[in-house]
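Down below is the structure, laid out as C-alpha cells.
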Amino acid sequence: MSKSLPTRSENYSEWYNELVKRANLAENSAVRGCMVIKPYGYAIWEKMQRALDDMFKETGHTNAYFPLFIPKSFLSKEASHVEGFAKECAVITHYRLKNDPDGAGVVVDPEAKLEEELIVRPTSETVIWNSYKNWVQSHRDLPILINQWANVVRWEMRTRIFLRTAEFLWQEGHTAHATSEEAVAETAQMLEVYAKFAEEWMAMPVVRGRKTPNERFAGADDTLCIEALMQDGKALQAGTSHFLGQNFAKAFDVKFQDKSGNLEYVWGTSWGVSTRLMGALIMAHSDDQGLVLPPRLAPIQVVIVPIYKGEEQLNAIYDRLLPLIKELKSHGVSVKFDDDDSARPGWKFAEYELKGVPVRIAVGARDLENNQVEVARRDTKTKETVSLDGIYDYLLALLDDIQANIYNKALKFRQENIFEVNTWEEFTRQIEEGGFLSAHWDGTSETEEKIKELTKATIRCIPLDFKEEAGVCVYSGRPSSGRVLFAKAY
RNA sequence: CGGGGUGUAGCGUAGCCCGGUCAUCGCGUCUGCUUUGGGAGCAGAAGGUCGCAAGUUCGAAUCUUGCCACCCCGACCA
C-alpha cells in the first residue's frame with residue numbers, strides 16, 4: 001500500500017474510491033454493484049440513523065416494517081410510478097433450486113415458478129399503501145405517520161460505492177393525511193428535518209428546493225429536495241420529500257369517512273435519505289490526507305496516542321489519563337486510548353488522520369512531567385500544548401469548534417461556488433468549472449432537456465427562497481420570472 | 001446496456017507482443033533483537049489454483065473463445 005492518497009486535484013474520483021477503501025468504510029463485494037459496509041463505515045451510518053431516528057420520533061413518527069417483496073401487480077397500479085421504476089427492478093420468478101441432473105451444482109427448479117412474480121422493492125409506496133387501505137376507514141385513523149429503515153434494490157447500470165449501488169440502505173417515511181394542507185405541511189416539515197440533519201450533524205450546508213416536473217419522484221405531485229455541493233463542484237441530492245397528492249390513495253383505493261360522513265381519498269407523503277449520505281459526508285469535507293469527520297458523526301471523537309518506552313511508562317500515561325477518559329465517556333464522548341504496541345506513534349498519527357478522527361491527543365513522559373498533552377485537530381491540522389488541568393472542558397469546546405469550523409468551511413466553499421449567470425456564453429463556460437449556476441429559466445421542460453443535452457447540467461432545484469425577478473431565460477431568451485439552480489450532479 | 005481498459009501473494013506491481021528454470025520487485029505479515037515526540041532499523045522466514053472455465057500445444061501467466069469482477073467514457077438513476 002502506498003502511503004499517500006491520490007490527490008483531489010489529480011483525480012477526484014480515484015481519490016474518493018481510494019479513501020473509501022483505505023479508511024475502511026466499505027468495499028466492493030462479489031455481487032455486482034453491491035457493497036460491503038465495513039464496521040468503521042457502518043458506525044458512521046449508525047450515528048446518522050440514531051440522529052435521524054430521534055428527529056423522526058420527535059416529529060411524531062413511529063417505525064414499522066414492510067416486506068422486501070412486492071407483487072408485480074402492485075407496482076403497475078400507479079401509472080407514473082411503474083414507469084419510473086420498471087427499468088431497474090430485480091424480479092423473483094422462482095422459489096426453489098434443485099441439484100443439476102448433469103451434476104453442475106444447483107439450478108433453478110423450473111417446476112417452482114411463481115404464479116405471480118415478485119419485485120424486490122425499489123421503494124415501498126405500493127406495498128405500504130396496500131396496507132393503508134386496510135388501516136384507514138375514518139378520519140380518526142388519520143394521520144398515519146410511519147417510517148421504516150430498510151434496504152432497497154435498484155438495478156443500476158453504473159454503480160459507485162455509497163453514491164449509487166444496486167442495493168442500498170435507507171429510511172422511507174410514508175404518511176397519510178385527511179387533508180391536502182396537512183400532507184403539504186408534512187412534506188415541508190420533513191424536508192426541514194433533513195436540512196437540519198445535514199447542517200447540524202453532517203456540517204454540510206444544503207439548498208432547500210423544489211424539483212422541476214422532469215426531476216420529480218415517479219408518482220408524486222411535488223418533490224422537495226436538499227442539494228449539497230461537493231468539493232469537485234458537482235451537486236449531490238442528499239434527501240427528498242414528496243407530496244404524493246391522492247395518487248397512491250386512488251391507486252390503492254384508500255378512502256376515509258370525514259366528519260360530515262363523506263368518503264374522501266387520503267393524502268400522502270413519502271420521504272427518504274440513504275447511505276448515499278455517506279458519500280456526501282466524505283466528499284463534502286475530506287482532504288488529501290484522508291477523511292475529515294464532523295465530531296457529531298465520528299465513531300471515535302478523541303484518540304489518545306501514548307508515546308512511551310516500556311510498559312512502565314505506558315501504564316504511567318494510562319493511569320494519569322484514566323480520569324479524563326472516564327469523564328469523557330460518561331458524557332458521551334467516544335474516546336480511544338491506543339495502546340497498540342505494534343504500531344509506532346507516527347504511523348498512528350497518519351492512520352487516524354486517514355480515518356478522520358477529529359481530535360488526537362499525544363502524550364509522553366515529557367508531557368506528564370509538565371502536566372500537559374499535545375492536542376491536534378484534524379480539520380485544521382494544527383497542534384497545541386494544553387495543560388491537563390481543565391482539559392475536559394477544553395476538549396468539549398474544541399469538538400464544538402471543529403463541528404462549527406467544518407460547517408463554515410463548507411458554507412464558504414458553497415457561497416464561493418454559486419454563480420449568477422445571465423448569458424448562454426457565461427453558462428456554458430461556468431458549467432465546465434463546476435458549482436451551482438443561478439440562472440433564469442423559461443419554465444419549460446423542453447428548455448431544461450435541451451440544456452441537459454448540451455451541457456450535462458440539470459436543474460437541481462427551484463430554491464424555496466426563490467425570488468420573483470423578471471428576466472430572460474439563459475438558453476431560450478424567453479421571459480422568466482426567477483432564477484433556478486443548475487449544476488452537474490452525482 | 002454500448003465503447004475502451006484492467007485482473008499475477010493481504011496490497012501495489014514486473015513478465016504477456018516474441019509460448020519453454022519467469023513466477024519479479026516493493027509494502028505488509030511472521031520470528032528475534034534494537035526502537036517508539038510524524039508512516040522505524042537490522043537479520044531471518046512464510047506466503048501464489050497467475051480472475052474463472054474451456055480450447056490450441058509436447059508444453060500456457062503468456063495464444064484463442066466464453067464467463068465474472070472492477071475502472072474510465074456514454075445512456076439511466078437517489
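Protein chains get the first letters and strands the later ones, always in sequence-line order, with residue 1 at the start of each. A quick note: this is a predicted structure, and the numbers were derived from the prediction, not measured. What's counted below: heavy atoms across the whole structure, side chains too, no hydrogens, waters or symmetry copies.
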Would you classify [X] as touching base, sugar-phosphate or nothing, given that sugar-phosphate means primed atoms plus P, OP1 and OP2, and contacts are heavy atoms under 4.0 Å?
| X | result |
| --- | --- |
| A:S274 | base |
| A:S342 | nothing |
| A:A280 | nothing |
| A:L236 | nothing |
| A:E215 | nothing |
| A:E14 | nothing |
| A:Y490 | nothing |

What one should report as the nearest heavy-atom pair of A:P463 and A:V207 is CB-CG1, 4.3 Å
What's the shortest heavy-atom distance between A:R22 and A:P6, and which atoms?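 Residues A:R22 and A:P6, closest heavy atoms: NH2-CD, 4.4 Å.
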When the [atom1] atoms of [N] and [M] are considered, how many whole Å apart are they?
| N | M | atom1 | result |
| --- | --- | --- | --- |
| B:rA60 | B:rA23 | C1' | 13 Å |
| B:rC27 | B:rG39 | C1' | 12 Å |
| B:rU6 | B:rU21 | C1' | 29 Å |
| B:rG19 | B:rC50 | C1' | 15 Å |
| B:rC70 | B:rC52 | C1' | 15 Å |
| B:rU8 | B:rC16 | C1' | 11 Å |
| B:rU49 | B:rC11 | P | 13 Å |
| B:rC18 | B:rU62 | P | 14 Å |

[X] has an atom [atom1]; how far is it from atom [atom2] of [N], in whole Å?
| X | N | atom1 | atom2 | value |
| --- | --- | --- | --- | --- |
| A:Q171 | B:rA78 | CD | C1' | 12 Å |
| A:K348 | B:rG37 | NZ | C1' | 13 Å |
| A:Q372 | B:rG37 | CD | P | 17 Å |
| A:R22 | B:rG12 | CZ | C1' | 10 Å |
| A:Y352 | B:rG37 | OH | P | 15 Å |
| A:E27 | B:rG10 | CD | P | 14 Å |
| A:K309 | B:rG37 | NZ | P | 9 Å |
| A:E125 | B:rA78 | CD | P | 12 Å |

In dot-bracket form, 5' to 3', how is RNA chain B paired? Count Watson-Crick and G-U wobble pairs only if both distances fall under 3.5 Å, and write | where the partner sits on another strand. ((((((((.[[[..)....(....]]].((((((.....)))))).....[[[[[..)....]]]]])))))))....
Please, which pairs that meet side chain to side chain donor-acceptor pair (under 3.5 Å) have at least one residue in residues 304-318 of chain A, sequence neighbours excluded? A:Y308-A:D341
Distance alone, cut at 3.5 Å: any donor-acceptor contact between the side chains of [X] and [Y]?
| X | Y | value |
| --- | --- | --- |
| A:E46 | A:Q49 | no |
| A:H242 | A:T223 | yes |
| A:R460 | A:T458 | yes |
| A:Y12 | A:K234 | no |

Every protein N/O lying under 3.5 Å from an N/O of nucleotides 74-76 of chain B:
from   : atom 1 : to     : atom 2 : distance (Å)
B:rG74 : N7     : A:R158 : NH1    : 3.4
B:rA75 : OP1    : A:K456 : NZ     : 3.2

Could you label the plane-to-plane angle of the A:W129 and A:Y132 rings as parallel, tilted or perpendicular, counting under 30° as parallel and over 60° as perpendicular?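 The rings of A:W129 and A:Y132 stand perpendicular, inter-plane angle above 60°.
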Does anything in residues 187-197 of chain A come within less than 4.0 Å of RNA chain B? Heavy atoms only, and list the residues if so. none
Residue-level proximity of residues 382-392 of chain A to RNA chain B when a heavy atom falls under 4.0 Å: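 Going residue by residue through residues 382-392 of chain A, the ones with a heavy atom under 4.0 Å of RNA chain B turn out to be A:K383.
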Residue list, side-chain hydrogen bond (donor to acceptor under 3.5 Å, both in side chains) with A:T269, at least two apart or on another chain: A:T175, A:W271
Going by the rule side-chain hydrogen bond (donor to acceptor under 3.5 Å, both in side chains), which residues pair with A:D54 if we only count those two or more places apart in sequence or in a different chain?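 side-chain hydrogen bond (donor to acceptor under 3.5 Å, both in side chains) list for A:D54, sorted by chain: empty.
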Check: protein-nucleotides 67-71 of chain B nitrogen or oxygen pairs below 3.5 Å:
from   : atom 1 : to    : atom 2 : distance (Å)
B:rA69 : OP2    : A:R32 : NH1    : 2.8
B:rC70 : OP1    : A:G33 : N      : 3.2

OP1 or OP2 of B:rG37 sitting under 4.0 Å from any side-chain N/O of A:R366?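 It does not, given that no N or O in the side chain of A:R366 lies less than 4.0 Å from OP1 or OP2 of B:rG37.
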Could you pick out which residue, A:A238 or A:R344, lies toward the 5' side of RNA chain B when each is mapped onto its nearest nucleotide?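 Nearest-nucleotide comparison on RNA chain B picks A:R344.
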Is a side-chain donor or acceptor of A:Q301 paired with a backbone partner of A:S334 at a separation under 3.5 angstrom?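 Yes, because the side chain of A:Q301 sits within donor-acceptor range (under 3.5 Å) of the backbone of A:S334.
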Not counting sequence neighbours, which residues clear salt bridge (Lys or Arg N to Asp or Glu O under 4.0 Å) with [X]? List them please.
| X | value |
| --- | --- |
| A:D338 | A:K348 |
| A:K381 | A:D287 |
| A:K211 | A:E227 |

What residues form a side-chain contact (heavy atoms from CB on, under 4.5 Å) with A:T444, not counting sequence neighbours?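 Result, side-chain contact (heavy atoms from CB on, under 4.5 Å) vs A:T444: A:D442, A:E446, A:T447, A:R478.
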Polar side-chain contact A:Q289-B:rG38 base: donor and acceptor under 3.5 Å: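 Result: no qualifying N/O pair found.
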Could you walk me through whether A:E172 and A:V152 pass the side chain to side chain contact (heavy atoms under 4.5 Å, CB included) test, one step at a time? CA-CA 10 Å; A:E172 44 181 329; A:V152 287; 4.3 Å; yes
Validation row: A:N417, A:F436 side chains within 4.5 angstrom (heavy atoms):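 No, too far: nothing below the 4.5 Å cut-off.
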Got a salt bridge between A:K488 and A:E432, using NZ or NE/NH1/NH2 to carboxylate O under 4.0 Å? yes
